[in-house]
Amino acid sequence: MKPIIAPSVLASDFANLQSEVEMLNQSQADWLHIDIMDGRFVPNISFGFPVLQAIQRHAKKPLDVHLMIVEPELYIEQFRAAGAEIISVHLEACNHLHRTIQQIKATGAKAGVALNPHTSVQLLDDVISDVDLVCLMSVNPGFGGQKFIENTYRKIESLKNLIIARNSQALIEIDGGVNQQNAPLLLEKGADALVAGSFVFSSSDPLQTIANLKNL
Ligand code: DX5
Ligand code: ZN
């Protein structure tokens, strides 16, 4: 099975967002990964609804929206209305994670849960059969272009075991510092989807870089 490739729009040229999205439409990317940061859950602010809607107007691929925000339950319906097909909330940001997962599914979106590097995958034990995707952060969320955390490989193995044990259909997505060097081992350990921001957009030929990741 070829991996799902989700380039992170955070690393694109915001002054030329339409052409960046059109480039992704032409590419072998499967999803567009959209990073929403609120300056509270993470120490950075990215963009909000108007920009997401502008992306959606041009995107021909599913929008994979990663909410790095506190109280995400306040905005789920609005993100769905703005075009999100997958909505991931952080476990660390949810007091009532089970309820928020159901809330996402009730909108018709796929429900994802993201985990910070320090968060054990075992905390998903009681919800893993309800979620469509687990986003394992392989950097501390908040910024593109950071160094990949090696412990991620071990987490993928534990998560894969949990998914199998609970008969879950959840996909494993890896987010942060992904590149051509670490991608093969991530896939070997059981990753299904790879997010790549700076590796794609800072390369001289993003279309080829995406193709290389897709065809590892
Ligand atoms: C980090 C974001 C990532 C980021 C990945 O907080 O969640 O999606 O855009 O960027 P790279 O691939 O540059 O680490
Ligand atoms: Zn992300």
Side-chain angles (χ1 to χ4, degrees), residues 3-14 17 20-21 23-24 27 29-48 51-52 55 59 61-70 72 75 79 84-93 104 109-119 131-153 155-156 171-187 191-204 206 209-210 212-214 216:
I4 293 165
I5 304 300
S8 172
V9 174
L10 184 67
S12 71
D13 177 1
F14 289 175
L17 202 45
E20 296 283 56
V21 171
M23 180 278 287
L24 295 174
S27 77
D30 299 276
W31 301 339
L32 273 57
H33 185 81
I34 310 289
D35 288 306
I36 307 290
M37 305 178 182
D38 66 352
R40 296 188 62 209
F41 181 72
V42 288
N44 197 9
I45 297 174
S46 57
F47 51 81
V51 174
L52 179 56
I55 293 169
K61 300 186 179 190
L63 303 183
D64 168 34
V65 176
H66 176 196
L67 299 182
M68 287 162 276
I69 66 175
V70 299
Y75 301 101
F79 279 110
E85 293 210 15
I86 304 160
I87 300 176
S88 294
V89 294
H90 266 265
L91 178 144
E92 304 86 1
I104 295 169
K110 300 240 183 273
V113 177
L115 300 187
N116 278 342
H118 74 274
T119 302
V131 306
D132 299 300
L133 177 139
V134 177
C135 175
L136 289 182
M137 292 308 301
S138 40
V139 298
N140 284 292
F143 303 91
Q146 301 182 84
K147 188 172 175 294
F148 176 82
I149 296 172
E150 301 280 326
N151 187 52
T152 308
Y153 298 119
K155 287 182 80 167
I156 299 173
L171 297 175
I172 302 177
E173 177 178 68
I174 308 302
D175 186 8
V178 172
N179 57 38
Q180 193 79 20
Q181 274 66 52
N182 53 29
L185 190 53
L186 293 169
L187 298 174
D192 302 291
L194 302 176
V195 175
S198 48
F199 182 66
V200 165
F201 286 96
S202 66
S203 73
S204 55
T209 302
I210 292 168
N212 292 345
L213 287 170
K214 183 73 188 171
L216 275 170

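Order of listing sets the numbers, starting from 1, for every ligand and every atom in it.
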(message) Which of the protein's N, O or S atoms come within less than 2.8 Å of the Zn ion (ligand 2), not counting waters?
(response)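 Less than 2.8 Å away from the Zn ion (ligand 2) sit His33 NE2, Asp35 OD1, His66 ND1, Asp175 OD2.
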
(request) To the nearest 0.5 angstrom, please state how far the CD atom of Glu173 sits from the CD1 atom of Ile4. (result) 8.5 Å

(request) Would you give the length of the straight line joining atom CG of Leu213 to atom CG of Leu186, rounded to the nearest 0.5 angstrom? (result)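 Spacing of CG (Leu213) from CG (Leu186) equals 10.5 Å.
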
Is there a donor-acceptor pair closer than 3.5 Å between any side-chain N or O of [X] and the backbone N or O of [Y]?
{"X": "Asp175", "Y": "Met137", "answer": "no"}
{"X": "Lys155", "Y": "Pro117", "answer": "yes"}
{"X": "Asn179", "Y": "Asn182", "answer": "yes"}

(request) Applying side-chain hydrogen bond (donor to acceptor under 3.5 Å, both in side chains), name anything that partners Asn44, two or more places apart in sequence or on another chain. (result)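 For Asn44 there are no side-chain hydrogen bond (donor to acceptor under 3.5 Å, both in side chains) partners, ignoring immediate neighbours.
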
(message) Among residues at least two apart in sequence or on other chains, which ones pass side-chain hydrogen bond (donor to acceptor under 3.5 Å, both in side chains) with Glu92?
(response) His90, Thr119

(message) Would you call the rings of Phe148 and Tyr153 parallel, tilted or perpendicular, taking 30° and 60° as the class edges?
(response)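 Tilted.
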
(request) Among Asp30, Ile5, Leu32, Ile55, find the residue that satisfies the side-chain contact (heavy atoms from CB on, under 4.5 Å) test when tested with Leu24. (result) Leu32

(request) Anything with a heavy atom under 4.0 Å from ligand 1 counts, so go ahead and list those protein residues by chain and number. (result) Ser8, Leu10, His33, Asp35, Met37, His66, Met68, Met137, Pro141, Gly142, Phe143, Gly144, Gly145, Asp175, Gly176, Gly177, Val195, Ala196, Gly197, Ser198

